[in-house]
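First up is the structure itself, then whatever we jot down about it.
Residues: numbered from 1 along the sequence shown.
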Amino acid sequence: MISQTSERDRRRRGRRAEAAPPANRDVNYRQLRNPFPLMEVFPADQIAEMHETALRTLQELGVKVLLPEARRIFAQGGARVDEDREMVFIGRDMVEAAVASAPKSIDCRAGARQRDFTLELGSLVFQPGAGAPNATDLERGRRPASGQDYLEFLKLTHHFDVFQMISPQVEPQDVPTHLRHYFTTQAQMELTDKFPFFYSRGTPQVMDCFEMLSTARGLSDDDFCANAHCYTIINTNSPRTLDIPMAQGLIDFARHGQMSIITPFTLMGAMAPITVAGAITLSHAEALAALTLTQLANPGAPVCYGTFTSNVDMKSGAPAFGTPSHFQASLAAGQLARHLGLPWRSAAGSASNSNDVQAANENQFGLWGCLMAGATVIIHSAGWLEGGLTVSFEKMICDAEVLNMVAELCAGAQAGITEIGFDTALAEVEPSGHFFATSQTMERYNTAFYEPHVHDYANFGTWTERGSEDANHRATGVWKDVLANFKAPTQDDDRLGALHEFIARRTEGGGAPPES
């Protein structure tokens, strides 16, 4: 008679023999959904009151609009305009009509179809730190950002699947301003097939960028205008001012069917009221004014509601990020975005001067505020230091580790029969045994867990033998390795040739100054 233990051993050996060899781990962080329950900081009636106050602000106090064309568009739409003071007073009916016409879902077309994504409430998109005048790393130190820095950050952004959008990254200050948009657009067309960013620095530059993208990607004028192929970021000048290049950018992008991410930058106690409720109400009013302009310029134009609200340090006046007030402001903005039904943008970030514990704490606290608020797009999610004055190579690597782990959570955990594993795990191990060699483990050991790129799980002795290298210095090795082994996606040589010809011709003609 065969014992029960022997029979179990036989079944176990049979299953192992039949099991397929472990697969390599394949991740896809390109189309994420936010799996976390949403938090609210204010009750619904107070959110409704904030919305009503924003509408009252636009109608009674108005917004200063510096671009004459924008004031004309507002006037034609029914707004009261005081030309002498450059003030626009927007009625609630205009705002409500604009919110109704703004798309609730935006299909974003990247350079390759597998890179496409949709922005809507519930979706989740990350982009790294953006718009910094400086770059820093442990080997070269802090410095004014250069064209080389821009290219290297672009390669890192392309490398990490968790970044779905290209951000403004750093300003290549060694490239003249009238030629800079050629440099950055050519780099985006050649080195990545992700969703690109263009600055709104006057119509001539914007039109150049649109032409370069269409040329590089083989788009007709109709194809280009039919979908969002790129985006810009529009910052209002708080409080209640819309300047010339930002207003022009809203109009240009809307008329060509491209996406604007509207982002009032309101700091509590400085450019906004000192309370969370007051600051977010002001931010909401400014975002609604800009959104209304896009819909007056082109009803149905893709537009992403946004906010970036935190507090200042009242001892120094310096911006602070990753604070409790920053977290609360994100939650309130999420409530207002859901009140409108629009996709929306928030941000993480850090005020720390180096990639240290403060930087990690602030960025993660700000990040979780965005996640709990249900943000659609999270900007400055990696690499941002000094409140946006610097992007760090090492911090970008360390923050990408956290974002990868968040992306893993987006996939959710499964609890089917195979995951529970009665036959393939529980029944194969005797009391006081181990699960290292069960059928379930052998089938999944290459794919079960997230594999870090900078974290080190070695014990203290092994870590010491390897040189006692901390995460900051390990991150240096990671970004250097990524750059050394970078391979750009395959592009169409004829289209790139036409792009180069366009840039050469426009450069010969003097380029395009940043003006409207």
Using the ring of each side chain (for Trp, its six-membered ring), is Phe253 parallel, tilted or perpendicular to Phe210, with breaks at 30° and 60°?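 Ring orientation, 0 to 90° scale: perpendicular.
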Supply the atom-to-atom distance [X] [atom1] to [Y] [atom2], rounded to the nearest 0.5 angstrom.
| X | Y | atom1 | atom2 | value |
| --- | --- | --- | --- | --- |
| Met372 | Leu367 | CE | CG | 9.0 Å |
| Ile379 | Ser381 | CD1 | OG | 9.0 Å |
| Gln248 | Arg201 | CD | CZ | 15.5 Å |

Is the terminal nitrogen or CZ of Arg180 (NZ for Lys, CZ for Arg) located under 6.0 angstrom from the six-membered ring centre of Phe183 and within 45° of that ring's axis?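 Arg180 over Phe183 ring: no.
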With sequence neighbours excluded, residues passing side-chain contact (heavy atoms from CB on, under 4.5 Å) with Ala475: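 With sequence neighbours excluded, Ala475 shows a side-chain contact (heavy atoms from CB on, under 4.5 Å) to Glu394, Ile397, Cys398, Val454, given in chain and number order.
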Under the rule for side-chain contact (heavy atoms from CB on, under 4.5 Å), what residues qualify as partners of Glu152, not counting sequence neighbours?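 Only Arg140, Gln148, Asp149, Phe393, Leu483 meet the side-chain contact (heavy atoms from CB on, under 4.5 Å) criterion with Glu152.
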Please determine whether side chain to side chain contact (heavy atoms under 4.5 Å, CB included) holds for the pair Gln169 and Leu154, giving the CA-CA distance in whole Å, both sets of side-chain angles, and the decisive distance to 0.1 Å. CA-CA 8 Å; Gln169 304 186 136; Leu154 183 60; 3.7 Å; yes
Give a yes or no on whether the ring-centroid distance for [X] and [Y] is below 6.0 angstrom.
| X | Y | value |
| --- | --- | --- |
| Phe308 | Phe265 | yes |
| Phe195 | Phe197 | no |
| Phe163 | Phe153 | no |

Let me know which of Phe365, Trp368, Phe321 forms a ring-ring contact (aromatic ring centres under 6.0 Å, His included) with Phe327.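 The passing option is Phe365.
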Assess whether atom CG of Asp221 is packed by more than 12 heavy atoms of other residues, nucleotides or ligands within 6.0 Å.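 Check fails, neighbour count at 12 or below.
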[X] to [Y] - nearest heavy-atom pair and separation:
| X | Y | result |
| --- | --- | --- |
| Thr307 | Ala333 | CG2-CB, 3.1 Å |
| Ser330 | Ser346 | OG-OG, 3.4 Å |
| Met165 | Thr157 | O-CG2, 3.9 Å |
| Ala347 | Cys370 | O-SG, 3.3 Å |
| Asp193 | Gln114 | OD2-NE2, 4.4 Å |
| Phe126 | Val162 | CB-O, 3.5 Å |

Between [X] and [Y], is any side-chain donor less than 3.5 angstrom from a side-chain acceptor?
| X | Y | answer |
| --- | --- | --- |
| Thr266 | Thr309 | yes |
| Asp107 | Thr118 | yes |
| Asn404 | Glu408 | no |
| Tyr199 | Glu171 | yes |
| Thr390 | Thr136 | no |
| Asn355 | Ser392 | no |

Contacts of type salt bridge (Lys or Arg N to Asp or Glu O under 4.0 Å), residue Lys104, not counting sequence neighbours: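 Salt bridge (Lys or Arg N to Asp or Glu O under 4.0 Å) check on Lys104 returns nothing, list empty.
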Using the test salt bridge (Lys or Arg N to Asp or Glu O under 4.0 Å), find all partners of Arg56 that sit at least two apart in sequence or belong to another chain.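 Partners of Arg56 by the salt bridge (Lys or Arg N to Asp or Glu O under 4.0 Å) criterion, ordered by chain and then number, come out as Glu60.
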Atom pairs and distances, donor-acceptor, side-chain atoms in residues 232-239, under 3.5 Å, two or more places apart:
| from | atom 1 | to | atom 2 | distance (Å) |
| --- | --- | --- | --- | --- |
| Thr232 | OG1 | Phe198 | O | 2.9 |
| Thr232 | OG1 | Ser200 | N | 3.4 |
| Thr232 | OG1 | Ser200 | OG | 2.8 |
| Asn235 | ND2 | Thr263 | O | 2.9 |
| Thr236 | OG1 | Glu286 | OE1 | 2.7 |
| Asn237 | ND2 | Asp243 | OD2 | 3.1 |
| Ser238 | OG | Glu286 | OE1 | 2.7 |
| Ser238 | OG | Glu286 | OE2 | 3.3 |

Which atom pairs, one a donor and one an acceptor, fall under 3.5 Å between side chains of residues 290-306 and the rest of the protein, sequence neighbours left out?
| from | atom 1 | to | atom 2 | distance (Å) |
| --- | --- | --- | --- | --- |
| Thr292 | OG1 | Leu288 | O | 2.7 |
| Thr294 | OG1 | Leu291 | O | 2.6 |
| Gln295 | OE1 | Ser101 | OG | 2.8 |
| Gln295 | OE1 | Gly300 | N | 2.7 |
| Gln295 | NE2 | Ala301 | O | 3.0 |
| Asn298 | ND2 | Ala254 | O | 2.7 |
| Tyr305 | OH | His284 | ND1 | 2.7 |

Quick check: does any side chain N or O of Asn34 sit under 3.5 Å from a backbone N or O of Phe36, one acting as donor and the other as acceptor?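 Flag set: sc Asn34 to bb Phe36 pair under 3.5 Å.
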